[in-house]
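Reckoned from all heavy atoms, side chains included, excluding hydrogens, waters and symmetry mates. No experiment lies behind these values; they were computed from the predicted model shown.
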Amino acid sequence: MQYYFKSIYSVCVIINMILIPLSFGEMYTSLLNVKQAIIVERQLIDHLETYIVHESERLEDIKRFYAKVSELHSEVYNGPSAAMANPLVAFTLIKRLQSEWINLIYSDEAQENTQVFRSGYEEVEEEGSLPKLEDLQGAAKGLMRLQDVYALQVGGLVRGHFQRITNGNPIDIYSPTISVPLSGDDCFLVGKVAYELEDYYHSVQWLEESVRLFRGAGGGWSPENEGTLEDALDHLAFSHFKTGNISYALSLSQELLNHDPMNRRVLKNVGKYERLLVDNPPLLSADTGLKRPNTTYLRTRNTYERLCRTQDALLSSQPMRYENPRLFCDYFNNDSPELLLQPIRREVLSLQPYVVLYHSFITGSEAERIKDLAQTGLRRSVVASGEEQATAEYRISKSAWLKDTAHPIIGRLDQRITLLTSLNVQPPYAEYLQVVNYGIGGHYEPHFDHATSASSPLFRLNTGNRVATFMIYVSVLSCYPVIDTFPMSLVFQNAALFWWNLHRNGQGDGDTLHAGCPVLVGDKWVANKWIHEYGQEFQRRCSPNPEE
């Protein structure tokens, strides 16, 4: 059952008592912020529409002037010479050349229209609601994370499909209702992010697609693009060089010289690649395939990703669970008078570690209220880093902390948790309710909820370690990586999980290592209630037995 528990969604190593500075960036870390960006772009569309109207009027004036002058040259000036003897004709000609053409050419109208357009953009920018460079980079990393964890084909993603290769055939693991293909410039930016991180495993794959798409478009440039075919060829050639594919790096560099024959840097690279190939001719049997680099910080990466890729990691373990007669489902009231007439459906999922699923723990309206309450307080999630806290690439989400004074519903949830667990969940014996919203490819790699170091900021609360976790599924995903089975989200609709983080002797339970798989598609919200050791002495008694 250990691996089963490792597949459970994430909770957070974070403390509510420490103030976290406000962050108006990091849009990519919360899908809520991404949705809000739609409203921002609608504002920009309105500004662009106004600009187009004004520019269209200006161009119509220019067309009218062109038609007038062209008509004079075809009807008047090409006629009898007597026409030029007309002083009115002569006067209008001189006036146009000395005044009208100057007014047209040096008109400030185009500049004024552009300035109004820019001012509209700058107003939106000053509001702090536009994504920053780190958001673009974070979104690109999110795509690469999904690519890795779910073994997605880059070529499929570029076409708007979520596919992996199974038995040599591309299989859709998700079919979006609306398919959005990526452009050559889109792929270039993803590849460039990987390139700048010296991650040539990913840069090669994304830049290959960028070059293919730019070539297909004839190498043309659009004003909204950052990259060009030449840029993509340049980055791709060096990426192949860094992965050891010198022959292809040379071929791409030579193609680049066709577009920019005087590029001294590329000429120098071509000479370098040619010398390397002469000194070390490539072997026909040499394996030039890309190899994903190993990780040094995540020893459980293969197991973690295998569980995330499973059609449904939780459901796939059900046959084993059902074969264990000690695991069961029932209607549970915990001998509480409040639950006698309305017991909750309980499903014991694991005995070691002890994990319980409570079905229909919250209602749909309660879930929506929790999300509404959390929206204004969402900040980038942090993790324990020595004695301090910091953001980390292995946790991409935003979190908010809700006190019971925020709304009566929070107090009712605390009371409901106490009825089911008999634990004291009032501060300081438990932390405030933490609500988490995940971003683009948002995830939380394998981690423990309890502190594993005596210097952890958790202990600043002076209420011991986190003895238990109660995690509520506030919303479900619109997609989970499944093919033939129904989505996990149906299982966890408005449900909650409970598990013990510590043994009775106070030591951390190593089997509670768990993770939050990257969000493939959808909007994932969870709420965590972390309960500490102090205050639970009579509800869960300690034991000196090292086996307990």
Side-chain angles (χ1 to χ4, degrees), residues 37-127 129-131 178-189 210-234 255-263:
I38 296 173
I39 301 173
V40 174
E41 188 166 48
R42 285 176 184 154
Q43 293 178 264
L44 295 179
I45 290 173
D46 291 339
H47 290 303
L48 180 57
E49 182 182 22
T50 302
Y51 174 72
I52 291 172
V53 169
H54 291 163
E55 282 292 278
S56 297
E57 293 172 351
R58 185 178 67 85
L59 290 174
E60 285 300 318
D61 289 337
I62 294 174
K63 289 179 183 178
R64 178 186 48 76
F65 179 79
Y66 167 79
K68 180 183 73 171
V69 175
S70 297
E71 183 180 3
L72 285 170
H73 277 263
S74 62
E75 300 293 335
V76 178
Y77 302 150
N78 286 339
S81 59
M84 295 309 300
N86 185 332
L88 297 178
V89 173
F91 170 77
T92 56
L93 172 62
I94 294 172
K95 174 181 178 288
R96 280 198 310 277
L97 291 173
Q98 199 284 325
S99 176
E100 294 180 13
W101 277 98
I102 293 175
N103 292 337
L104 182 71
I105 292 171
Y106 294 101
S107 170
D108 292 332
E109 188 177 3
Q111 184 177 352
E112 290 170 359
N113 291 343
T114 301
Q115 186 57 47
V116 170
F117 183 39
R118 288 177 178 170
S119 296
Y121 177 85
E122 289 166 358
E123 286 177 10
V124 175
E125 188 176 36
E126 288 174 2
E127 294 172 359
S129 50
L130 287 174
I178 300 176
S179 181
V180 180
L182 300 181
S183 68
D185 192 56
D186 294 334
C187 297
F188 172 72
L189 284 171
S210 176
V211 167
R212 179 183 66 80
L213 291 169
F214 276 133
R215 285 172 177 162
W221 178 81
S222 298
E224 69 271 20
N225 286 352
E226 177 176 321
T228 63
L229 174 59
E230 291 87 339
D231 293 327
L233 286 169
D234 195 7
E255 180 181 351
L256 177 55
L257 285 177
N258 291 333
H259 299 277
D260 187 8
M262 302 306 294
N263 190 316

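- In terms of the side chain to side chain contact (heavy atoms under 4.5 Å, CB included) criterion, residue partners of Thr50 (sequence neighbours excluded) are, by chain and number, His54.
- Side-chain contact check for Leu44 versus Leu130: some heavy-atom pair is nearer than 4.5 Å.
- Applying the salt bridge (Lys or Arg N to Asp or Glu O under 4.0 Å) rule to Glu255 yields the partners Arg215; only residues at least two apart in sequence or on another chain are considered.
- Remark: Asn263 pairs with Asp260 by the side chain to side chain donor-acceptor pair (under 3.5 Å) rule, at least two apart or across chains.
- Here the closest non-hydrogen pair linking Ser210 and Gly184 is OG-O, 2.8 Å.
- From Asp185, atom CG reaches atom CZ of Phe214 across 5.0 Å, with rounding to the nearest 0.5 Å.
- Pairing each heavy atom of Tyr51 with each of Asn113, the nearest pair is CD1-O, 3.3 Å.
- Listed by chain and residue number, His235 satisfy the ring pair (Phe, Tyr, Trp, His ring centres under 6.0 Å) test with Phe188 (two or more places apart in sequence, or in another chain).
- The line from CD1 of Ile52 to CZ of Phe117 is 8.0 Å long, rounded to the nearest 0.5 Å.
- Every side chain to side chain donor-acceptor pair (under 3.5 Å) that Ser119 has, sequence neighbours left out, goes to Gln115.
- Closest heavy-atom contact between Cys187 and Leu213: SG-CD1, 4.0 Å.
- Around CD of Glu127, the count of heavy atoms belonging to other residues, nucleotides or ligands within 6.0 Å exceeds 12.
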Distance-only criterion, 3.5 Å: show the donor-acceptor pairs between side-chain atoms of residues 100-109 and protein atoms not counting sequence neighbours.
{"residue": "Glu100", "atom": "OE1", "partner": "Lys68", "partner atom": "NZ", "Å": "3.3"}
{"residue": "Glu100", "atom": "OE2", "partner": "Lys95", "partner atom": "NZ", "Å": "2.7"}
{"residue": "Asn103", "atom": "ND2", "partner": "Ser99", "partner atom": "O", "Å": "3.3"}
{"residue": "Asn103", "atom": "ND2", "partner": "Ser99", "partner atom": "OG", "Å": "3.4"}
{"residue": "Ser107", "atom": "OG", "partner": "Glu109", "partner atom": "N", "Å": "3.1"}

Only pairs under 3.5 Å count here: list side-chain donor-acceptor contacts from residues 57-67, not counting sequence neighbours, and write none if there are none.
{"residue": "Arg58", "atom": "NE", "partner": "Glu55", "partner atom": "OE2", "Å": "2.9"}
{"residue": "Arg58", "atom": "NH2", "partner": "Glu55", "partner atom": "OE1", "Å": "2.8"}

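- Within the structure, salt bridge (charged side-chain N to carboxylate O under 4.0 Å, His left out) pairs that include any residue of residues 110-123 do not occur (at least two apart or interchain).
- How far CG of Leu93 is from CG of Leu88: 12.5 Å, rounded to the nearest 0.5 Å.
- Arg96 contributes atom CZ, which lies 10.5 Å from atom CD1 of Ile94 (distance to the nearest 0.5 angstrom).
- Within the structure, every pair that satisfies the salt bridge (charged side-chain N to carboxylate O under 4.0 Å, His left out) test and touches residues 221-234, not counting sequence neighbours, is listed here: Lys192-Glu226, Asp234-Arg265.
- In this structure, Thr228 and His259 have side chains that are not in contact, with every pair of non-hydrogen atoms separated by 4.5 Å or more.
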